[in-house]
Amino acid sequence: ADTPVRISEANETHAGKAGDADNSIRTPSIRVFTTRIDTIYGANALVVAAEHPIVEANRASFSTEVAANIDAIIAENLKPKDREVEIEKDGFDTLLKAINPFSGEEVPVWVGNYVMMDYGTGAVMSVPAHDERDFEFAKKFGLPIRQVVSREPVQSEPEAFGNGVDVAITDYGFVINSGEWSGKTSIDANKEMTEFAAANGFGEATTTYRLRDWGISRQRFWGSPIPIIYCDSCGVVPEKFENLPIRLPENAPITGTGESPLAKVPKFYETICPKCEGPATRETDTMDTFVDSSWYFFRYTDPTNEILPFDPETAAHWMPVDQYIGGDDHAVMHLIYARFWSKVMRDMGLVTFNEPVKRLLSQGMVVGETFFDDESGKRIYHPPASVTVTRDAKGKITGAVSADGKALKYGIERMSKSKGNGVDPDEMVEIYGADASRLFVMFAAPIENELVWNEAGIEGGVRFLQRLWRFVYKWRESLGNKQSAQVSQETAASRKLRRKTHQTIKRVGDSFESLQFNTPVAALMELLNAIYEHGAEPVNASDEEMLAVREALTALTLMLTPFAPHTAEELFAIIIGNEDGMIANGARFPAYQEDLAKADEIEIPVQINGKMRSRVLASPETPNEELEKMVFADEKVREYTDGKEIVKVIVVPNRLVNIVIKG
């Protein structure tokens with residue numbers, strides 16, 4: 001959402017009832033907010049809330065059926081909603097028409113139950129080819145689907161309307177089927193189309209905020225008491241500072257009748273008015289838990305303070321938080337409250353900064369395979385365990401059949417009970433162990449990416465841990481015997497293993513610094529392969545071989561600790577020969593030595609006029625002049641350079657040699 005744009009019809013355009021030859025019905029223009037104005041040529045409808053003014057303005061012209069549908073949606077919207085349950089999208093055509101201010105085309109005006117009047121403008125433009133929600137709606141009601149963005153540049157524009165679009169293309173790309181903007185990137189089109197809308201008076205760039213009133217009271221026993229007292233004489237009175245904190249009673253009757261349990265504890269709610277000292281009643285609702293989670297990190301800086309929430313100077317020493325890690329829900333819910341709360345405390349003089357967190361990392365969601373049929377227009381999910389799945393050689397699903405033989409569709413969606421695609425962590429731990437399960441989660445995808453749960457992936461983690469365990473167990477009698485041995489000469493194999501060990505230490509350390517956890521696991525697997533390839537056997541290993549293996553295993557085990565702590569602790573005790581030795585008791589992350597990590601030889605790509613033609617092996621310390629000689633001595637390079645005029649030679653130390661020849 002780089003350039004949100006609010007689009008409305010031009011002042012003289014309107015929505016008119018289909019069939020009105022003179023378009024005589026005048027109604028307010030429809031204002032629409034969109035973050036993707038580059039897709040507006042793909043709009044197939046306007047979908048408005050049932051409470052939208054344009055609906056009310058034209059109610060008299062609606063049929064009895066349409067009016068009844070409007071009333072039904074309004075009534076349904078008034079009912080309490082479960083946020084975890086996604087409502088089935090429904091809607092109907094009002095037979096009104098609106099004009100797309102860019103294309104001049106008429107589009108139908110629909111009422112949709114998923115459009116809320118208190119969110120945005122109460123109206124959305126439906127662009128099914130480029131929005132998943134709109135795509136689902138269009139498929140259900142047979143609305144046309146026009147592709148107006150392509151992921152790659154196109155030589156000639158494809159057919160505008162083609163309901164063969166299999167999935168919504170939500171990425172930015174290249175605009176097509178969009179008049180004078182066709183061929184431009186989405187970013188450029190967004191900017192230019194915004195300017196066009198402003199210049200022609202029907203739209204403008206703006207920013208919308210998803211702010212609503214925050215009702216913090218909850219009818220719960222367990223929560224922070226609200227320090228408010230109700231007095232018949234004085235009205236609503238805050239509790240005296242010296243009477244804080246208000247403490248909850250030891251227990252309260254949980255009846256489930258909808259009233260706060262504290263309302264049934266007279267000893268709690270019967271009190272004295274702080275103002276007139278007459279009889280009064282204490283507030284029995286408690287605060288929403290989001291109140292506490294909005295400032296808990298401030299309290300962590302001064303947890304024993306009994307006078308203030310925290311000492312401002314102490315908090316200023318520690319805050320703001322350097323790195324916060326959370327999911328998408330954190331970013332759009334908890335952290336919004338935290339930012340708001342921090343600004344309130346700033347205005348109160350408790351803190352001196354605006355933002356409580358310097359840097360946020362939103363970790364990806366764990367998603368799972370879902371199987372469903374939607375013949376009825378509503379998705380009916382089938383538990384994966386009851387579905388027969390066929391896959392190709394690469395593991396890609398090619399077909400899915402339910403227990404009763406029905407062909408099912410396949411998707412990857414957020415785990416939920418309703419979809420039946422959740423995974424019980426306890427079950428995974430019981431089958432594979434906590435370490436293997438944890439290792440898989442870290443290894444399967446970068447932390448910021450979506451993780452598609454595939455139980456078969458855990459088996460790879462199991463095999464890695466088993467290989468490591470077998471090797472350490474095989475060497476267990478020998479590892480502790482050569483700790484202080486002196487090495488007079490190092491073989492090429494041991495030197496190679498030590499180099500891999502220190503390169504891995506650096507690689508893993510750098511990955512941790514950048515909060516990447518999948519690449520370290522891959523690096524540890526490569527190091528274990530190198531340990532096996534070293535080839536030494538414990539029965540006849542020399543001192544230098546023993547030390548190289550021990551150094552590699554010690555480093556690997558220490559680096560494995562964040563991923564598989566239980567396995568690492570067991571192996572560490574074997575390697576150091578001390579059953580009482582524990583990583584948790586103060587072992588440090590291994591330190592790499594630059595001289596040992598440095599390769600004896602590195603592979604230097606050689607390009608001729610920018611095209612890769614050969615590679616040469618050279619020491620990292622090789623001077624540029626010497627490297628040029630080695631390159632021109634290479635047989636493959638001579639095939640392209642003999643008899644040719646050398647314009648220049650570009651040497652990027654330890655990275656690349658590019659020879660520019662004439663002709």
Side-chain angles (χ1 to χ4, degrees), residues 80 83 212-321 324 326 329-330 333-353 355-357:
R83 289 185 179 182
R212 298 180 182 179
D213 290 341
W214 182 12
I216 67 167
S217 63
R218 298 291 183 269
Q219 292 73 50
R220 298 171 181 157
F221 166 50
W222 185 250
S224 298
I226 298 174
I228 293 296
I229 291 171
Y230 302 100
C231 174
D232 290 339
S233 300
C234 305
V236 180
V237 183
E239 180 60 279
K240 287 183 178 180
F241 180 82
E242 54 266 30
N243 292 339
L244 299 177
I246 299 170
R247 300 191 182 278
L248 294 171
E250 291 296 324
N251 51 59
I254 309 298
T255 62
T257 58
E259 186 179 35
S260 171
L262 293 172
K264 298 179 175 61
V265 185
K267 288 184 178 180
F268 175 79
Y269 66 75
E270 291 178 353
T271 187
I272 301 298
C273 173
K275 194 171 182 180
C276 70
E277 298 186 353
T281 302
R282 190 181 302 282
E283 173 62 62
T284 57
D285 280 6
T286 55
M287 294 186 197
D288 179 9
T289 52
F290 268 114
V291 171
D292 301 318
S293 63
S294 293
W295 70 280
Y296 71 90
F297 27 79
F298 288 94
R299 181 64 179 179
Y300 279 0
T301 68
D302 193 13
T304 60
N305 196 321
E306 296 184 0
I307 305 300
L308 295 171
F310 53 85
D311 176 65
E313 290 187 8
T314 303
H317 172 76
W318 291 105
M319 296 293 292
V321 175
Y324 194 101
D329 287 347
H330 274 75
M333 293 177 66
H334 161 62
L335 287 180
I336 288 179
Y337 291 117
R339 295 181 66 208
F340 165 77
W341 205 263
S342 296
K343 294 178 191 300
V344 170
M345 293 193 295
R346 174 205 60 195
D347 294 346
M348 294 171 63
L350 283 171
V351 300
T352 58
F353 47 83
E355 300 293 347
V357 174

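Below, all heavy atoms of this structure are taken into account, side chains as well, without hydrogens, waters or symmetry copies.
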> Under the ring-ring contact (aromatic ring centres under 6.0 Å, His included) test, which residues partner Tyr300, sequence neighbours left out?
Tyr296
> Applying salt bridge (Lys or Arg N to Asp or Glu O under 4.0 Å) as the test, list every pair that has at least one member in residues 227-246; sequence neighbours left out.
Glu239-Arg282
> Roughly how far apart are Thr286 OG1 and Phe221 CZ, rounded to 0.5 Å?
9.5 Å
> Do Cys234 and Glu277 have side chains that approach each other closer than 4.5 Å (heavy atoms only, starting at C-beta)?
no
> Please list, chain by chain and in numerical order, all residues satisfying side chain to side chain donor-acceptor pair (under 3.5 Å) with Lys275, sequence neighbours excluded.
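By the side chain to side chain donor-acceptor pair (under 3.5 Å) rule, Lys275 matches no residue at all.
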> Please list, chain by chain and in numerical order, all residues satisfying side chain to side chain donor-acceptor pair (under 3.5 Å) with Ser233, sequence neighbours excluded.
none
> Check Pro356 against Pro320 and note the closest heavy-atom contact, atom names and distance.
O-CB, 3.2 Å
> Under the salt bridge (Lys or Arg N to Asp or Glu O under 4.0 Å) definition, can you give me all pairs with a residue in residues 294-318, not counting sequence neighbours?
none
> Under the salt bridge (charged side-chain N to carboxylate O under 4.0 Å, His left out) test, which residues partner Asp285, sequence neighbours left out?
none
> Taking all atoms of both residues into account, what is the closest heavy-atom pair of Cys273 and Ile229, and its distance?
CA-CG2, 4.5 Å
> What pairs with Arg346 under side chain to side chain donor-acceptor pair (under 3.5 Å), at least two apart in sequence or on another chain?
Asn354
> What residues form a side-chain contact (heavy atoms from CB on, under 4.5 Å) with Ile228, not counting sequence neighbours?
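Counting only residues at least two positions away or on another chain, Ile228 forms a side-chain contact (heavy atoms from CB on, under 4.5 Å) with Ile226, Tyr230, Val236, Pro238, Glu283.
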> Taking only residues at least two apart or on different chains, which pairs with a member in residues 236-293 satisfy ring pair (Phe, Tyr, Trp, His ring centres under 6.0 Å)?
Phe290-Tyr337
> Check Leu248 against Gly223 and note the closest heavy-atom contact, atom names and distance.
CD1-O, 3.4 Å
> To the closest 0.5 Å, what do you measure between NE2 (His334) and OG (Ser294)?
7.0 Å
> Could you tell me which residues satisfy ring-ring contact (aromatic ring centres under 6.0 Å, His included) with Phe310, sequence neighbours excluded, listed by chain and number?
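Phe298.
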> I want to check something: taking the side chain as every heavy atom from C-beta on, are Val291 and Ser224 in contact at a cut-off of under 4.5 Å?
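No. Closest side-chain heavy atoms not under 4.5 Å.
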> Looking at side-chain heavy atoms only, is the closest gap between Leu308 and Leu350 below 4.5 Å?
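With C-beta onward as the side chain, the pair stays apart.
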> Taking all non-hydrogen atoms of both residues into account, name the closest pair between Thr271 and Thr281 and its distance.
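Taking every non-hydrogen atom into account, CG2-C, 4.1 Å.
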> With Lys343, which residues qualify under salt bridge (charged side-chain N to carboxylate O under 4.0 Å, His left out), at least two apart?
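Scan of Lys343 (salt bridge (charged side-chain N to carboxylate O under 4.0 Å, His left out), adjacent residues dropped) gives Glu355.
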> Can you name the nearest heavy-atom pair linking Pro227 to Ile246, along with the distance?
CA-CD1, 3.4 Å
> Taking atom CG of Asp288 and atom CZ of Arg220, what is their separation to the nearest 0.5 Å?
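Nearest 0.5 Å value for the CG-CZ distance: 6.0 Å.
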> Mind checking salt bridge (charged side-chain N to carboxylate O under 4.0 Å, His left out) for Glu259 and listing every partner two or more places apart, or none if nothing turns up?
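Per chain and number, Glu259 pairs via salt bridge (charged side-chain N to carboxylate O under 4.0 Å, His left out) with Lys264.
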